[in-house]
Amino acid sequence: MRRSGPQAPFRGLVLALLVVVTATGCGLVDQLAPVGGRPTDAPIVPPVPPPPDDAGGPPEPIPGAVWTVDGHPAAILGARGVAGGRIAYVSSWSDVGVLDDTGDVAAWPAFSARGWVGYGLDAVRGGTLLAAATNAGVETWDVASGLPLGTLGSGWTPMAVRPDGATVALVVPSGVAGDTTSRLALWNPVYGRLEQVLDSVGGVRALAWSPDGARLALAGDDFLVVDMASRDVTWRTALGSGFGASLRWNPHEPIVAHVLGPTVTLFDVDARTRTTRTLAEPVSTAQWVDAERLTLVMTSGDVRALSHPSGTTASIGSVPPFTLAFDAIDGTRAVIGTRAGAVGIWDVATGTPERLAAPAPDRGEALAMRPDEQRIVTGGYSGLVRTWRTSDGSMVAERLMGEQRIDDLAWSPDGHTIAIGHSGRIDLVDAVTLAPLASSEGHIYGTLAFGPPGRLLASGGMVLDAATLEPIVTAASFGIAGAWAPDGQRFAVGTLDGDVAIHDASSAALLASLSTDLDFVLRMAWSPDGSSIAAASYSEVTVIDAVSGVRRFALPYFGPLTTLAFTADSARMVTSGWSSGFGDGCLETLATVRVWDATTGTALGTVGGHSTAGGVAITRDGRHLALTNWVGQVAYVAMPACAP
């Protein structure tokens with residue numbers, strides 16, 4: 001994903017979302033004030049669930065005031081102990097920061113990486129240098145001052161810092177058109193001096209220096225060991241690993257551990273032998289504690305010690321599930337960073353936090369509103385799903401769904417079930433407790449929506465049973481966007497050819513094929529009165545007549561939409577997205593929640609401020625919007641006071 005707009009505020013503060021409405025004849029609405037939210041230094045623990053009858057209880061009053069709360073914490077992709085008992089971290093927000101020895105954000109300049117972090121964070125044991133691999137290159141910082149030292153190379157690249165901090169090893173493209181090979185390069189992080197080391201190293205996914213800095217291990221298509229004095233490859237053996245692999249060099253022995261999913265391979269570099277062990281569940285991350293024990297952090301949070309050379313494993317404690325960063329301090333304590341945004345010192349043996357904070361927010365990806373409008377469900381980059389009360393913004397429940405971001409959410413018509421789409425998988429969960437009900441893998445679903453009868457539309461062209469997720473009908477049309485007709489008897493699939501294919505919901509028979517003149521369709525909405533269908537690609541939104549297919553109007557746009565929806569009276573249309581390329585005139589440049597006249601395409605107003613928006617839902621009376629934004633907040637705001 002590409003970050004756009006201003007740098008995100010961070011450091012664990014509950015941020016106020018400034019909502020500005022600018023339109024012809026419209027003034028300003030009230031500024032949002034922060035309410036609720038969890039203290040930033042509190043451990044992340046599930047709240048006490050509401051009573052079982054909560055989903056069907058009496059309606060709560062829709063508040064007249066608007067609110068915003070600190071939303072999803074960012075996934076901590078890297079965490080390292082540094083000098084002075086402090087902890088350096090980098091989040092999925094690309095924020096790089098330091099926590100002091102009390103767990104508070106240190107007085108460290110609030111720098112963010114220029115690009116998106118792809119391969120975590122590395123640091124020298126002396127704690128003088130931090131380096132993060134991003135899509136802008138390897139970026140480096142001085143730990144003492146927090147000042148950036150520079151950017152090395154370009155593009156996504158695995159990297160590793162030599163133990164003395166004098167050299168960063170990274171893999172860079174050859175730079176020759178048509179040449180798919182890569183080269184291993186050494187950089188001086190202070191002066192930015194580059195020295196090419198080795199050409200054609202293949203698809204490298206991970207790097208690791210030996211403790212003395214004399215050798216470098218590389219893992220990807222092959223496992224290689226390079227003598228850094230002679231620049232010779234002393235050992236190469238086929239590996240064939242994919243993305244997500246980690247490489248750890250034993251601090252006392254010539255043993256390198258390669259971890260990918262549930263598979264752990266130990267390479268004896270001197271003897272040139274390898275042993276492979278497959279565990280019962282995937283490994284999130286790993287670290288050597290001493291010469292004989294490799295600590296494996298499982299996705300469940302179980303921490304296991306793999307003994308070498310016996311190969312036996314034993315549980316030695318626990319950390320929060322989906323811990324992605326793990327830097328062992330000793331056999332019982334470690335610096336951790338989790339998918340749910342916690343970073344700090346964790347007592348592994350007792351399974352309790354010693355010092356824990358959630359310093360950075362996450363970008364909100366998806367949002368849906370319960371039909372009675374008393375609850376909102378949100379999901380973000382971290383894979384965390386939460387439900388909120390619309391009356392005051394208080395959180396009801398939360399659940400970490402996995403290691404992947406939440407792409408889409410849908411609430412069932414009876415309010416008892418939530419559908420969650422993430423990484424080709426659809427999960428149904430109880431709307432009160434978020435307990436799992438059913439799951440289905442392998443669907444290319446795009447957007448999710450429950451039809452009026454309660455059947456779930458997986459918009460790759462399938463209608464699924466809302467209880468079991470078994471396919472009911474499969475349409476011949478294929479796409480990643482879909483929408484139900486208001487009558488519940490038809491559903492539309494936005495195809496990759498730019499057409500809207502309308503099918504009978506019972507038989508999947510093709511009823512009509514309408515052209516949108518788009519290259520492809522990524523998101524769709526059917527107006528509640530049944531007259532219009534809106535479809536969006538990366539560059540344009542178009543609204544067509546649902547019967548004839550005649551184009552009514554088109555809106556230029558740059559960047560993917562996260563929301564495309566009509567108000568209940570079909571008079572207005574709301575869009576939200578990741579960039580600020582929509583329209584002109586009354587539109588405020590940075591605002592990305594926009595309101596349009598659904599008949600003419602006239603811009604009516606905007607809701608926004610310092611950040612772009614994720615998912616948006618509209619209340620039936622059209623007076624409020626619920627939204628998630630780029631800085632991880634959840635907001636319940638007034639609709640711009642500009643009726644068509």
Side-chain angles (χ1 to χ4, degrees), residues 368-369 371 373 408 410-414 446-459 461-464 466 472-473 475-477 479-495 498-518 521-537 540-555 561 563-575 595-602 604 616-623 625 639 643-644:
M369 186 178 289
E373 301 179 356
D408 203 24
W411 214 308
S412 65
D414 63 8
T447 54
L448 299 175
F450 283 94
R455 293 181 297 184
L456 178 65
L457 167 65
S459 62
M462 291 180 291
V463 177
L464 305 181
I472 299 173
V473 295
S477 306
I480 56 175
W484 284 95
D487 59 16
Q489 304 303 311
R490 296 165 293 160
F491 70 95
V493 176
T495 73
D499 295 331
V500 172
I502 300 176
H503 295 267
D504 181 271
S506 300
S507 66
L510 180 64
L511 303 177
S513 182
L514 310 177
S515 175
T516 66
D517 291 332
L518 301 176
V521 178
L522 295 179
R523 193 165 289 273
M524 290 178 59
W526 203 319
S527 65
D529 64 7
S531 65
S532 302
I533 295 176
S537 67
E540 188 177 26
V541 175
T542 185
V543 176
I544 62 175
D545 185 283
V547 177
S548 66
V550 173
R551 177 185 288 204
R552 292 182 171 174
F553 61 85
L555 307 171
L561 285 179
T563 297
L564 182 61
F566 289 90
T567 54
D569 59 6
S570 300
R572 288 167 290 174
M573 187 174 69
V574 176
T575 63
V595 184
W596 312 86
D597 185 302
T599 302
T600 64
T602 303
L604 299 176
V616 178
I618 313 168
T619 57
R620 286 188 300 273
D621 61 10
R623 296 177 56 193
L625 299 174
M639 176 76 85

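This structure is a prediction, so every number in the text was calculated from the model and none was measured.
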### Message
Can you tell me how far apart CZ (Phe491) and CG (Leu511) are? Round to the nearest 0.5 Å.
### Response
9.5 Å
### Side-chain touch Met524/Thr447, heavy atoms, less than 4.5 angstrom
no
### Message
To the closest 0.5 Å, what do you measure between OG (Ser412) and CG (Leu456)?
### Response
10.0 Å
### Task
Keeping the roles fixed (side chain from Glu373, backbone from Arg620), state whether a donor-acceptor pair exists under 3.5 Å.
yes
### Query
Under the side chain to side chain contact (heavy atoms under 4.5 Å, CB included) criterion, do Met639 and Val574 qualify, and how do the steps go?
CA-CA 10 Å; Met639 176 76 85; Val574 176; 4.2 Å; yes
### Message
If you compare all heavy atoms of Pro528 against all heavy atoms of Ala568, which two are closest, and at what distance to 0.1 Å?
### Response
CB-O, 3.5 Å
### Query
Looking only at heavy atoms, which two atoms of Leu510 and Ala501 are closest? And how far apart?
CD1-CB, 3.9 Å
### Task
Using the test side chain to side chain donor-acceptor pair (under 3.5 Å), find all partners of Arg455 that sit at least two apart in sequence or belong to another chain.
none
### Query
Within a strict 4.5 Å, meaning less than it, do heavy atoms of the Ile618 and Arg572 side chains meet?
no
### Query
Do you know the tightest heavy-atom contact between Phe553 and Thr600?
CD2-C, 3.6 Å
### Trp484 side chain to Pro452 backbone, donor-acceptor under 3.5 Å
no
### Summary
d(Trp526 CH2, Asp487 CG) to nearest 0.5 Å is 7.0 Å
### Point-to-point distance, once rounded to the nearest 0.5 Å, from CD1 of Ile533 to CZ of Phe566
9.0 Å
### Task
Work out which heavy atom in Ser532 is nearest to a heavy atom in Ala546; give both atom names and the distance.
N-CB, 4.0 Å
### Query
Residues two or more places apart in sequence or in another chain: which of them pass side chain to side chain contact (heavy atoms under 4.5 Å, CB included) with Thr599?
Asp597
### Query
With a 4.5 Å heavy-atom cut-off, do Ile480 and Leu522 have their side chains touching?
yes
#### Entry: Pair His503-Val463, side chain to side chain contact (heavy atoms under 4.5 Å, CB included): steps then yes or no
CA-CA 11 Å; His503 295 267; Val463 177; over 6 Å; no
### Task
Could you tell me whether a side-chain N or O of Ser570 sits under 3.5 Å from a main-chain N or O of Asp529, the two making a donor and an acceptor?
yes
### Query
What's the spacing between Leu514 CG and Asp499 CG if we round to 0.5 Å?
8.0 Å
#### Entry: Minimal non-hydrogen separation, Pro453 against Gly488, with atom names
CG-O, 4.0 Å
### Task
Output yes when a side-chain donor or acceptor of Arg551 lies under 3.5 Å from a complementary backbone atom of Thr516, and no otherwise.
yes
### Task
With rounding to the nearest 0.5 Å, note down the distance linking OG in Ser506 to CZ in Arg490.
12.5 Å
### Summary
Residue pairs meeting salt bridge (Lys or Arg N to Asp or Glu O under 4.0 Å), one or both in residues 541-550, sequence neighbours left out, come to Asp545-Arg552
### Query
Given side chains that start at C-beta, do those of Met573 and Val541 come closer than 4.5 Å, heavy atoms only?
yes
### Query
For Leu457 and Met462, which heavy atoms make the closest approach, and how far apart are they?
CD1-O, 3.4 Å
